[in-house]
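Model, not experiment: these values are computed from the prediction. Below, all heavy atoms of this structure are taken into account, side chains as well, without hydrogens, waters or symmetry copies. Chain letters run A, B, ... following the sequence lines, proteins first and then strands; every chain starts at 1.
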2 protein chains.
Amino acid sequence: MELSPTAYVILGMLAVHPMSGYDIKTTVDYSVRFFWAASYGQIYPELSRLSEAGLVEGAAEPASGRRRTVYRLTTAGQDELADWLAQEPQVFETRDEALLKLFFADAAPDTAAASIDAKRRYHEAVLAQLREIETTGKPEGHPSVVLRFGIESCEWMVAWCEREAGRLREGAVR
Amino acid sequence: MELSPTAYVILGMLAVHPMSGYDIKTTVDYSVRFFWAASYGQIYPELSRLSEAGLVEGAAEPASGRRRTVYRLTTAGQDELADWLAQEPQVFETRDEALLKLFFADAAPDTAAASIDAKRRYHEAVLAQLREIETTGKPEGHPSVVLRFGIESCEWMVAWCEREAGRLREGAVR
DNA sequence: GAAGTCATGTAAACGGTTACATGATTTT
DNA sequence: AAAATCATGTAACCGTTTACATGACTTC
């Protein structure tokens, strides 16, 4: 079967434990969104497709009066997820507007410092969120490895921005 | 004016010196594509739009019989680029399928090593390309700062993958 | 002569975001 | 009573990729 990576995010989340589309969105926003975001506009239609394909199964489980559909992985869904995990990852993409502006900064050299600054602040903000997740969530297993990656790579990014901002101030680039 | 970031990639490239759509694509593939890719399907229509908006100007400059349109920035285009450079960068996005698979690897623990391995090989490949660009292109000014960022961040990524692969082999995660 | 490169462009499809709509429950 | 949260979904739009089409010149 050929599914979009975002479909596998859903399968992966349901592998941990059954949950609603709303729960999936909340969990994604708390975890993988830093390297794979997902919106309601994807999650709900994708859940329908996965259900039709027999990879997940939804059951009405109203919580305190609110209608609610909790999905769980089927055996076929577990197999599909395992197959995907065994395949070589293909997608490595970055969109970094700060690097883009820095690259073109010869056309307006006095903007370079602000671009590096914004990049530093972005990574600092992510770092704060990840540290929050580390202390409140106390993740284990492979998610904790990925979280450590996030924290350490952000630390590296912040350090690079500080170092390069310093070099700019010294006039090393012009 | 509200343009897509990819439009600014075009403006930025033309700020260095006038060139054709084909040249822009070649240059992008050799430089910013690691953090901002662009395809012909974007470049040619975007050049038309920018031309209509008066930000670039095209002139027929056939090279050895082949028809060819060389674009250059207008004064308005230079202003537009400078305005954009002065604005705070907004887009910071990463899509990393290896981290995604690693995150879900509790569902198939023996796949984790291969995902980290693939990530390491990806960054090694990029590193080789960037080092090639460094030796053959000898970039200066801000592009060289960005290139150094690319090289050093890739080195960090490769080192992280090696370290974490080692920890996995030692059975530190399960 | 074939393959590769220079060069321009379009159309379809895809993945994803944003905004909107709805409505119940819970918290302030 | 109002604001926030839980919960589900759709429609429009946007940016991007991929595939295709065309054709001339250059290199092997």
query: Hey, are A:E97 and B:W84 close enough side-chain-wise for a donor-acceptor pair under 3.5 Å?
result: yes
query: Any salt bridge between B:R148 and A:E164, counting N to O under 4.0 Å?
result: no
task: In whole angstrom, give the distance that lies between atom CD of A:E61 and atom C1' of D:dC6.
output: 15 Å
message: Is A:T6 close enough to C:dG16 that one of its side-chain N or O atoms is under 4.0 Å from OP1 or OP2 there?
response: yes
- prompt: Which of the following nucleotides, C:dT18, C:dC6, D:dT17, is nearest to the side chain of B:Q42?
  reply: D:dT17
message: Quick check for you: among D:dT16, D:dG9, C:dT17, whose closest atom lies nearest to any side-chain atom of B:R95?
response: C:dT17
query: Roughly, in whole Å, what's the span from CG in A:D23 to P in D:dG9?
result: 13 Å
A:Y40 OH - C:dT22 C1' separation (whole Å): 14 Å
- prompt: For A:T69, which contact category applies under a 4.0 Å heavy-atom criterion: base, sugar-phosphate, or nothing?
  reply: sugar-phosphate
message: Is it the case that the side chains of B:D29 and B:T26 hold a donor-acceptor pair, with the cut-off being a distance below 3.5 Å and no angle test?
response: no
query: How would you label the contact of B:G21 with the nucleic acid (heavy atoms, under 4.0 Å): base, sugar-phosphate, or nothing?
result: sugar-phosphate
query: Quick one: A:E93 CD to C:dC14 P, roughly how many Å, whole number?
result: 17 Å
Between D:dG9 (C1') and A:K25 (NZ): distance, integer Å: 14 Å
query: So, does B:R95 use its side chain to make a donor-acceptor pair with the main chain of A:A37 at under 3.5 Å?
result: yes
Residue whose nearest DNA chain C nucleotide is more 5′ - A:S4 or B:R66: B:R66
message: Within the 4.5 Å heavy-atom criterion, are B:V28 and B:M13 side-chain neighbours or not?
response: yes
field: Value in whole Å for how far the C1' atom of D:dT8 lies from CD of A:E46
entry: 16 Å
Sole residue of A:R121, A:K119, A:K101 in salt bridge (Lys or Arg N to Asp or Glu O under 4.0 Å) with B:E88: A:R121
- line: On DNA chain C, more 5' by nearest nucleotide between A:S39 and B:Y44 is B:Y44
- prompt: At how many degrees, to 10°, do the end axes of the helix from C:dG1-D:dC28 to C:dT28-D:dA1 meet when each uses five pairs?
  reply: 40°
query: Using a cut-off of less than 4.0 Å, is there contact between a side-chain N or O of B:S64 and OP1 or OP2 of D:dA24?
result: no
- request: Consider the side chain of B:Y22, meaning its heavy atoms from C-beta on, and name the nucleotide among C:dA7, C:dT25, D:dT8 that approaches it most closely.
  value: C:dA7
query: Nearest to the side chain of B:R67 - C:dG16, C:dG9, C:dC6?
result: C:dG9
message: Whether B:S20 contacts C:dT8 is assessed here as follows: a side-chain N or O lying under 4.0 Å from the phosphate OP1 or OP2. Is that the case?
response: yes
query: Charged N to carboxylate O under 4.0 angstrom, B:E124 versus B:R120?
result: yes
- prompt: According to the side chain to side chain donor-acceptor pair (under 3.5 Å) rule, which pairs have a member within residues 51-65 of chain B, sequence neighbours left out?
  reply: B:E57-B:R72
message: Tell me the interatomic distance from B:R68, atom CZ, to C:dG9, atom P, rounded to whole angstroms.
response: 13 Å
Nucleotide nearest A:A37 (side chain, heavy atoms from C-beta), chosen from D:dA7, D:dT17, C:dT17: C:dT17
field: Atom-pair distance (CD1 on A:I10; C1' on D:dG9), nearest Å
entry: 14 Å
